[in-house]
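Sharing a structure here in structure tokens format.
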Amino acid sequence: MKNKFYITTPIYYPSAEAHIGHAYCTTMCDILARYKRMRGVETYFLTGTDEHGEKIQKKATEAGVTPQQYVDDIANKFKQLWKAMRISNDDFIRTTEERHTKVVQKIFTKLFNNGDIYLGQYEGWYCTPCESFWTDTQVGEEHLCPDCHREVHRASEEAYFFKTQKYLPDLLKYMDEHEKFILPINRKNEMMNTFIKPGLSDLCVSRTSFDWGIQIKENPKHVIYVWMDALSNYITALGYGSENEEKFKKFWQDEDTEIVHVVGADISRFHVIYWPMFLKGLSLRLPDRVFVHGLLDLNGEKMSKSRGNVVSPLPLIDRYGVDAVRWFLAREFAFGSDGRFTPELFASRINVDLANTYGNLINRTVSMIIKYFDGVVPEIGELNEFDKSLRDLTEQTIATYENYMDDLKISEALTSVGELLNAANKYIEDSKPWVLSKEGNISALKNVMAILVNSIIVSSKLLSPVLVETIDKVYAQFGVSENLRGYDVNHTFCPFAGLKVTKQDPLFPRLDVAVETEFINSISK
Ligand code: ME8
């Protein structure tokens with residue numbers, strides 16, 4: 001594991017307010033950032049908004065405000081949402097900020113002076129909502145945008161182009177030498193077959209038909225076309241090209257930093273093809289990994305504002321609490337695959353994992369410690385086979401979880417903790433504390449309670465990057481002192497004897513699936 005970690009979300013378009021899809025990606029990055037910090041890795045976590053382009057300009061005109069006013073309002077809403085979701089980003093970059101625009105102009109100049117960019121004429125199929133030009137093959141006979149499936153139109157204009165062929169050999173070499181550059185690994189084939197093998201065109205990097213963008217100094221009627229502007233955020237936010245490059249040197253140029261971009265499948269090609277080429281042109285190092293996550297739909301339909309089927313995370317957080325929403329997103333969908341959001345799945349996931357398995361285990365354990373030991377966690381003694389198997393599983397789960405998380409396999413990591421919690425519930429059934437108590441077998445009873453507390457607290461720590469509010473409630477119930485709250489790298493077994501537990505309200509009340517389905521459907525618009 002490298003000793004520093006730089007993780008980024010895409011910078012989202014503030015053309016409309018964020019929905020559960022944006023929240024999904026940001027939450028996954030937050031979980032990884034919190035996990036790395038928990039492991040003592042120095043971490044920098046960046047998110048932000050991508051504020052230029054024709055679409056934003058049009059939206060602002062429709063709304064009767066300036067583009068700047070338009071993006072100010074929505075960027076603020078993004079920030080508020082991330083606060084409500086307890087996102088722990090270290091910075092929030094907006095591409096209209098001077099720290100970004102000035103440097104993007106320098107980046108353009110540098111690439112232009114390198115001979116990487118030339119002035120030409122662009123002709124192609126243009127999709128306005130996606131701000132992308134497409135080729136004949138990509139739009140097919142129907143002339144539909146391959147991304148959003150809306151109609152595209154022919155467009156032609158003077159434009160600057162980035163020479164992709166110049167850096168293609170470098171990119172292919174990098175991909176070959178770094179098999180985990182594109183994750184999940186199968187996404188690499190998709191990139192090769194869809195974009196690289198059919199022949200990569202040069203990339204259009206300027207536009208003249210609108211002016212809401214970063215002006216090109218050398219030719220002011222051009223603005224920099226969105227992707228060169230947007231992708232640069234990952235380095236401008238760190239101060240690249242500014243008077244103070246300290247953060248940039250630390251979190252980008254230093255090979256001891258693991259750089260991870262997390263992006264949706266819709267924008268992976270920009271990150272795995274063009275971004276590394278720009279970086280090569282700037283003589284900068286390339287990211288270690290681009291993790292491509294899947295897209296979520298709602299009840300089987302693509303989420304879209306115009307169809308009125310978008311779920312906003314805020315009403316979910318208000319009703320179920322931030323941890324329930326974070327848990328659902330992280331656990332329900334295999335990170336890297338597409339997923340379907342349905343209200344029923346949401347309510348059942350909370351019930352099964354949080355109310356029944358996790359909440360119930362805590363509740364039962366606390367009640368038994370109060371009943372049998374006046375609320376004081378007992379000392380551990382000689383272990384029997386049941387005790388040993390739960391102890392061993394707890395140890396193994398820590399290792400499995402860490403391996404998965406280091407490989408960005410969040411849902412698998414959480415599943416392994418879920419298995420430990422299930423085993424702990426089963427351990428109660430198998431060891432039958434009520435019988436041990438009746439028989440007066442106090443030493444065995446003490447072991448059961450101590451091992452349960454150990455498994456609960458270890459599991460809670462492993463889940464704490466996801467369940468950001470619950471962990472403190474668990475600590476409070478078990479009276480966990482400050483010195484025992486950190487991530488124990490030595491995994492000391494059962495250091496919790498003497499803690500005083502107290503009964504509290506259930507962490508996650510059971511939900512009525514039918515009622516909650518109606519509620520969630522009512523807030524989807
Ligand atoms: O593409 N399911 O911004 P964007 C899961 N500004 N994730 C989703 C999603 C869904 N249904 N919908 C969106 C842009 N996302 C550019 C990015 S980066 C230099 C510039 C997430 O607002 C997912 O991560 O359209 C996707 O890649 C991203 O939002 C696109 O956000």
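Every heavy atom of this structure was used, including side-chain atoms; hydrogens, water molecules and symmetry mates were not. Both counts, for ligands and for their atoms, begin at 1 and track the order of listing. The first residue of the sequence shown is numbered 1, and numbering continues consecutively from there.
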Would you please determine whether Trp275 falls within less than 4.0 Å of ligand 1 on a heavy-atom basis?
-> no

Please answer whether the main-chain N or O of Glu469 pairs with a side-chain N or O of Asp323 as donor and acceptor at a distance below 3.5 Å.
-> yes

Considering only protein heavy atoms, which is closest to atom 31 (O) of ligand 1, and at what distance to one decimal place?
->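 The protein heavy atom lying closest is Tyr12 CD2, 3.5 Å.
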
May I ask you to identify the nearest protein heavy atom to atom 20 (C) of ligand 1, giving residue, atom name and distance to one decimal place in Å?
-> Ile11 O, 3.4 Å

Taking only non-hydrogen atoms of Ala230 and a 4.0 Å limit, the atoms of ligand 1 in range are 19 (C)

Heavy-atom nearest neighbour in the protein, as seen from atom 24 (O) of ligand 1, with distance rounded to 0.1 Å |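 Heavy-atom neighbour on the protein nearest atom 24 (O) of ligand 1: His293 NE2, 2.7 Å.
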
Side chains of Arg269 and Thr194: is there a donor and an acceptor less than 3.5 Å apart?
->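 Their side chains do not contain a donor-acceptor pair, so the 3.5 Å distance test is not met.
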
With Gln80 via side-chain hydrogen bond (donor to acceptor under 3.5 Å, both in side chains) - residues at least two apart |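 side-chain hydrogen bond (donor to acceptor under 3.5 Å, both in side chains) check on Gln80 returns nothing, list empty.
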
Using heavy atoms and a threshold below 4.0 Å, how should the contact between Leu295 and ligand 1 be classified: side chain, backbone, both, or neither?
->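 Both backbone and side chain.
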
Between Asn89 and Trp82: side-chain donor-acceptor atoms closer than 3.5 Å |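 No, no side-chain donor-acceptor contact under 3.5 Å.
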
Going by the atom numbers of ligand 1, which of them fall below 4.0 Å from some non-hydrogen atom of Cys25?
-> 24 (O)

Could you tell me whether Val263 and ligand 1 have an N or O pair separated by under 3.5 Å?
-> no

May I ask you to check if ligand 1 and Pro10 share an N or O to N or O distance below 3.5 Å?
-> no

Please identify which atoms of ligand 1 are closer than 4.0 Å to at least one heavy atom of Ile267.
-> 1 (O), 17 (C), 27 (O)

Will you find, in the side chains of Lys247 and Tyr44, an N or O donor that is under 3.5 Å from an N or O acceptor?
-> yes

At a 4.0 Å threshold, what atoms of ligand 1 neighbour a non-hydrogen atom of Asp50?
-> 6 (N), 16 (C), 20 (C)

Rounded to the nearest 0.5 Å, how far apart are NZ of Lys106 and OG1 of Thr101?
->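 Answer for the NZ-OG1 pair, Lys106 versus Thr101, is 11.0 Å.
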
Is the shortest N/O to N/O distance between Tyr234 and ligand 1 below 3.5 Å?
-> no

Interfacing atoms of ligand 1 (cut-off 4.0 Å, heavy-atom, Gly294) =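 Ligand 1 atoms under the 4.0 Å threshold to Gly294: 5 (C).
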
Side-chain atoms of residues 333-346: list all donor-acceptor pairs with protein atoms under 3.5 Å, sequence neighbours left out, distances to 0.1 Å.
residue : atom : partner : partner atom : Å
Asp338  : OD1  : Leu295  : N            : 2.7
Thr342  : OG1  : Leu345  : N            : 3.1

Run the salt-bridge test on Asp406 and Lys36 with the 4.0 Å N-O cut-off and return the result as yes or no.
->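 Lys36 and Asp406: salt-bridged.
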
Do the non-hydrogen side-chain atoms of Tyr274 and Trp227 ever get within less than 4.5 Å of each other?
->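 No, too far: nothing below the 4.5 Å cut-off.
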
Purely on distance, is any nitrogen or oxygen of Asp266 under 3.5 Å from one on ligand 1?
-> yes

Any donor-acceptor N or O pair under 3.5 Å, side chains His222, Glu158 | yes

Determine, considering heavy atoms only, which of His19, Met228, Lys55, His261 sits nearest to atom 12 (N) of ligand 1.
->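 Nearest heavy atom to atom 12 (N) of ligand 1 lies in His19.
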
May I ask you to check whether Met303 has an N/O atom sitting below 3.5 Å from an N/O atom of ligand 1?
-> no

What do you reckon, does Gly339 put a non-hydrogen atom under 4.0 Å from ligand 1?
-> no

Any N/O of Leu296 closer than 3.5 Å to an N/O of ligand 1?
->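 It does: an N or O of Leu296 is found under 3.5 Å from an N or O of ligand 1.
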
Taking N or O atoms only and a 3.5 Å limit, does Tyr13 qualify as a polar contact for ligand 1?
-> yes

Please determine, by modelled atom types, if Thr49 and Glu51 share a side-chain donor-acceptor pair under 3.5 angstrom.
->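 The answer is yes; a qualifying pair exists.
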
Charged N-O contact under 4.0 Å between Lys83 and Asp30 |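 No, Lys83 and Asp30 are not salt-bridged.
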
Does any N/O atom on Asn233 come nearer than 3.5 Å to any N/O atom on ligand 1?
-> no

